[in-house]
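Chain naming here is simple, since letters A, B, ... match the order of the sequence lines and numbering starts at 1 in each.
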Protein chains: 2
Amino acid sequence: MINVLRQHITNRLGDDIQNLDQVLLAFKPIKAKRNEHLLRQGDTCKYVYFIAKGCLQVYVYDNDFNESTRDIVTEDNWCSDLLSFGSGNPSSENIRAVEPCELFAVDRENFQKMTETIPQFDKVYKQILEASYANSVYRINTLVSLTALERIKWLMEYRPTLMTRLSSKLIASYLGIHKDVYSRLKAKL
Amino acid sequence: MINVLRQHITNRLGDDIQNLDQVLLAFKPIKAKRNEHLLRQGDTCKYVYFIAKGCLQVYVYDNDFNESTRDIVTEDNWCSDLLSFGSGNPSSENIRAVEPCELFAVDRENFQKMTETIPQFDKVYKQILEASYANSVYRINTLVSLTALERIKWLMEYRPTLMTRLSSKLIASYLGIHKDVYSRLKAKL
DNA sequence: CTAAAACGTAGACTTTTATCATCGTTCACG
DNA sequence: CGTGAACGATGATAAAAGTCTACGTTTTAG
């Protein structure tokens, strides 16, 4: 399974990477059960996770204790609260496995050491950041410029597999609408 | 005015930076008039801007050709469409000066050369990315978890100067609500 | 300086979204 | 297995947000 991570990195940096085995050793394999939490708000985010298999939800609670999903991350991607991870400050977010997951986790100490000593790993970090940022930018633009119905259509076009793979409740919370509304609008397509 | 940029960098990296003068030379001073565009959707974003003075709006158009503001960036911060800038692909965003601005612009060629050859500048780039990303994460969480009224209160608390400094129209578009709604809700506080 | 344009507020009204309750269905777990 | 909890759909209703018009004020540009 670690080969999924190896492949991910070589795909991005080419296969002439020194220290790749050393990098891979810093990652701990972790299995997360469905609904298991990897991070709770108030705790410091101690790891960056690479998802080899499964799906993670990053969410916050609104004033009425409903979940609002900032991001849904699937296999072959990275997931963390990078802000808390980088600063050591308590996180305001929660991360939960919405499917049984196979993950690789790297802690802050190893992560920082590698970004400082292994230039290739530093590039990986920048790519994680850039990809996360790109994703965020698109998401903000959809949230501020589209209606609920348009956001549903957007998801169908750009991340169609999510809609069949995940519960309606989760999709609705990702789109920033209520599950009842999602159910009705979806029926009208 | 270039000293604002010099100060910004030394504040973050300490003042023992080699090549700082070389770095600063790569930045072109630019004055932008109120309402002048620095980027139009469809064009490639050629520069990263440092704002020494003034305020920039990053926005997209929705289906009805209304502006939806992804971000508002003020002095002592960086602004760009990093996705288009990094990839060279056409941007889907627009950037406009909402006040007369004094900017420092660095183009892609110089930027990439510096990230590769000057480790200190690479750190600056990572900090720009991290700050932009952190900002985006907060923004997504407010957009998915707060009502219009709550978002107004949020802005009053965390970016109060924006509310007095900018037009209601712009603030409303930043909050993802219509100007009429913003006007009414504001009156009810 | 002045006319035109843009802006901010307000009222009336429509549409969209949220809330609440209900009811089969599905799913998880003992 | 069976049973209790979670889920998804739907109707009725309430609340929130959007739309349109109007009007006085401010800003802009010639």
inquiry  = So that I can tick it off, tell me whether B:Arg165 and B:Glu75 are bridged by a salt bridge, with the cut-off set at under 4.0 angstrom between side-chain N and carboxylate O.
reply    = yes
query = Starting at NZ of B:Lys186 and ending at C1' of C:dA10, how long is that distance when rounded to a whole Å?
reply = 13 Å
remark   = Separation of D:dC20 atom C1' from B:Asp64 atom CG, nearest Å, is 14 Å
request  = Nearest whole angstrom, please: distance from the P of C:dA18 to the CG of A:Leu149.
outcome  = 13 Å
query = In whole angstrom, what separates B:Ile177's CD1 from D:dA16's P?
reply = 13 Å
request  = For A:Asp76 and A:Gln7, test the side chains for any donor-to-acceptor distance below 3.5 angstrom and give the result as yes or no.
outcome  = no
inquiry  = Expressed as a whole number of angstroms, how long is the span from A:Arg34:CZ to C:dC29:P?
reply    = 8 Å
ask   = Parallel, tilted or perpendicular: which fits the ring planes of B:Trp78 and B:Phe27, with parallel below 30° and perpendicular above 60°?
value = tilted
query = For the base of C:dT19, is there a side-chain donor-acceptor partner from A:Arg184 under 3.5 Å away?
reply = yes
Comparing A:Asp180 and B:Ser183 on DNA chain C - which has the more 5′ nearest nucleotide = B:Ser183
message = In whole Å, I'd like the distance from the NZ atom of B:Lys179 to the P atom of D:dT25.
response = 19 Å
ask   = Reckon B:Ser168 has a side-chain N or O less than 4.0 Å from the OP1 or OP2 of C:dG8?
value = yes
ask   = If you pin B:Asn35 and B:Thr147 to their nearest nucleotides in DNA chain D, which one's is more 5'?
value = B:Thr147
ask   = Side chain of A:Leu185: nearest nucleotide among C:dA28, C:dG8, C:dT17?
value = C:dT17
task = Provide, to the nearest angstrom, the distance between the CZ atom belonging to B:Phe65 and the P atom belonging to D:dG18.
result = 19 Å
message = Tell me the interatomic distance from B:Leu146, atom CG, to C:dA18, atom P, rounded to whole angstroms.
response = 13 Å
ask   = Under the 6.0 Å and 45° cation-pi test, does A:Arg139 pair with A:Tyr174?
value = yes
